Amino acid sequence: MGTDAWTKTRREFERLRELAPAERERWLREQDAQGTPAARELRELLAADAAHDPLLDTDAPTLQAAWQQRSEPDVALGAEVGGYRIVEVLGEGGSATVYRAEPSGGAGATAAAESVAVKVLKPEACSPGLARRFEQERETLTGLHHPGLIRVLGAGRLDDGRPYLITEFVAGEPLDHYCRRRALDLAARLRLFVAVCRAVHHAHRHLVVHRDLKPSNILVSADARPKVLDFGIAKLLDPARDPLWTDLYGRGPLTPAYASPEQIRNESITTASDIYSLGVLLHELALGASPYAEPPAEREALERAVATGRRRTFDACAHAGGQTPPPDDLAAILERALALQPAERYASAEHLAQDIECFLAHRPLLSRSEPWPRRVARFARRRPWTMAAAAALALVFLGSWIGTQRSLSRVVASEGVAWRAHANAVRSTNLLADLLERIGASALASDELTRLVSETEQHLAELTSEPEADARLRMALARLERARKNPAAAETHLARALELSRTTRGLSWNDRERCLDSLIELRAQRGDPTSIDLARERLELLRAHGETVRAAEAERTLSGLIERFGPVLPGAKGARR
Amino acid sequence: MARPFAGGTAVATTHSALELEVVALLRARRAGDAAAGRRLFELLYADLRALARRRLGDERGGHTLAPTSLVHEVFLRLERAALECEDRRDYLALAATVMRRILIDSARRRLFREELATLDGPAASAAPAAALEQRVLSLECALERLERVDPELARVVELRFYLGLEVEDVARTLGSSTASVQRDWRSARAFLKRAIETEESDGH
């Protein structure tokens, strides 16, 4: 075929493939009738265009990588394993090799369609621990049946005693790669994500936590169906079924870029941990970039960022990923899935899936029924300016409202009403405190805010009977004052809040720790040795609550202060001031 | 980034010897030095193979082999070495040819091994497993044909298939839009698939 002939054919082909099938067929028939020789070629091209190709739908580096074998294959090609014949090496990892195999009896085309994956533990990797994990993967998977999860077809041991696992073979590519390669739009990416959520949810319902969800563990087949694999470090949550229950608290292998904060901090793992990893996945699919600024190679820095929830803003990520910033609802979904506290995340992967579906259908999110203070707070985080005004408004309401409630409770001496008034006051104050904190330094230039601070202070005087609300407002004010370069005022508020936090039931040790932390810093800056006592109190507090990582940090702070000010003898506290 | 290469002499210390050598060879080659071209080919051949092997070792024991575009990695590395635009296009074209060579060599070697296995083993019968290797060889013929009738499409195939570059990167390299690369790739793919399959059915 010459250049001109092909150019013509190509133009026809490119036009035809955009047509509806019926229309295309009609045109081709006409050509057939006219005896156009190109008609047959066009048909073949269209057929080729529509069909999957084992070679062209991968790429040379991928193929080459799959073909590279470090040495002799560990199980000979052609060998029989569990009724299947080993055909080729699919991949090789640190501890296991994965082969493609076909039914022994099968022949040719049918056999290829029935390919399976056979995972064999390497001889050098046959430590009891790994063998157990391998065994566990088999047991875990055998109990799960879902189109989105890899199916186990068999298992056993080779002649030399090494365990093997036969699973279905997924001819697909990792999720991220698949999306990028096909240049899928946001909606298509999200639909894939929903399918992944459903598969994970199925595992969760069977008390299996995957613990290592990441794009390379999710393969998408040619017909756009994702499958979750590699349950190698999955855990059963049912202690009765899991003899390694205590292992749950030991940190297994993990991928920091996708791990949850509690995983990094070596705390107990629940299904919420997988929700977080799904959140990271969603983040990458939607924004084209990781939530963290730290590259995976800087493992320690990355782990710190994950553990403390130090994420980049969505806008910054979208910019880095070459995407548009996420719409509000999608941002809300991400916030929720990526919440630092497991309890604040989606209750299940199914809930997450449903919210994505709502987003896709432009319906209000189901999670919008969450408590409104949290919603407002989230809004505040994104729009500090608007919120400065909103907070001022809230304050006005709060003032008149507290007053009303007070007199009401005084008049109606019924205990129930009084209690409700109290609860409401606390709740609104919490909201206000939250708002004040979220407004942060960004809007501090405004006079509005100065007025806000002084008005809030006036309300503090009325809050003496509400120690919890009092403390919270003071903590929020302290932050604002610090940002306003007014450390003395901040210190006064914090000292009072700390005092309250020691005696008030509604405040948690976390609140106390936060007060201590800020106060230590302020006093140390001022060169006040009483910061040593506070640092000691903070250290004990953290130790008492098993916060080992942060306790270590608190200890360093303490020793730094002691070094600076010299040891403070008990009883000599006041003397140094 | 400022160009650290003045008159072909490397002054930067942050780049690997390979990066520097490749850049120097690219220059020499453009200046008409045939030996530089050969040396460059050998260098890349060894590097890409080593890279493939290393990537494989990195993967943890899953089923997956991340289809990492090995060349893409080299490409990024050279981007760090502040390749000029011309150098980069040159380099990519060359890398694609190298990858083509590597793939064919691998396919041949594997076919040969397969043959040996059927000779001494309990005959695993006419192995369907060799289908992909055969296809790689057929693809080479088909691509040669495409090069003759539509060199532009062949260029897309080299970058897209042999180098494993993403559509966007192909577009950037060729200075065209992703949409047109997408369209070209689809046409090229259909051409090649049809050519391969025609050859196969003729051969049997």
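These numbers come from a predicted model, not from an experiment. These numbers come from the heavy atoms of this one structure, side chains and all, not from hydrogens, waters or symmetry mates. Chain naming here is simple, since letters A, B, ... match the order of the sequence lines and numbering starts at 1 in each.
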Practice problem: Could you have a look at B/Asp150, B/Val167, B/Val157, B/Leu192 and say which one has the most heavy-atom pairs with chain A under 4.5 angstrom? | Solution: B/Asp150
Self-check item: Structural part of B/Arg183 lying under 4.5 Å from a heavy atom of chain A
Solution: both
Quiz item: Is it true that B/Arg189 and A/Asp57 make a salt bridge, defined as a side-chain N closer than 4.0 Å to a carboxylate O?
Solution: yes
Self-check item: Partner set under side-chain hydrogen bond (donor to acceptor under 3.5 Å, both in side chains) for A/Ser221, not counting sequence neighbours
Solution: A/Asp223
Quiz prompt | side-chain hydrogen bond (donor to acceptor under 3.5 Å, both in side chains) against A/Asp49, all qualifying residues, sequence neighbours excluded | solution = B/Arg186
Self-check item: Heavy-atom pairs under 4.5 Å with chain B, option from A/Arg17, A/Arg181, A/Arg180, A/Glu44 with the top count
Solution: A/Arg17
Quiz item: Quick one: what part of A/Ala51 sits under 4.5 Å from any heavy atom of chain B, side chain, backbone, both or neither?
Solution: both
Quiz prompt | Sidechain N-carboxylate O distance under 4.0 Å for A/Glu14, A/Arg10 | solution = yes
Quiz item: For the candidates A/Thr7, A/Leu56, A/Leu45, A/Asp4, which exhibits the highest count of non-hydrogen atom pairs separated by less than 4.5 Å from chain B?
Solution: A/Leu56
Quiz item: Is it true that a side-chain atom of A/His210 and a backbone atom of A/Leu229 form a donor plus acceptor pair closer than 3.5 Å?
Solution: yes
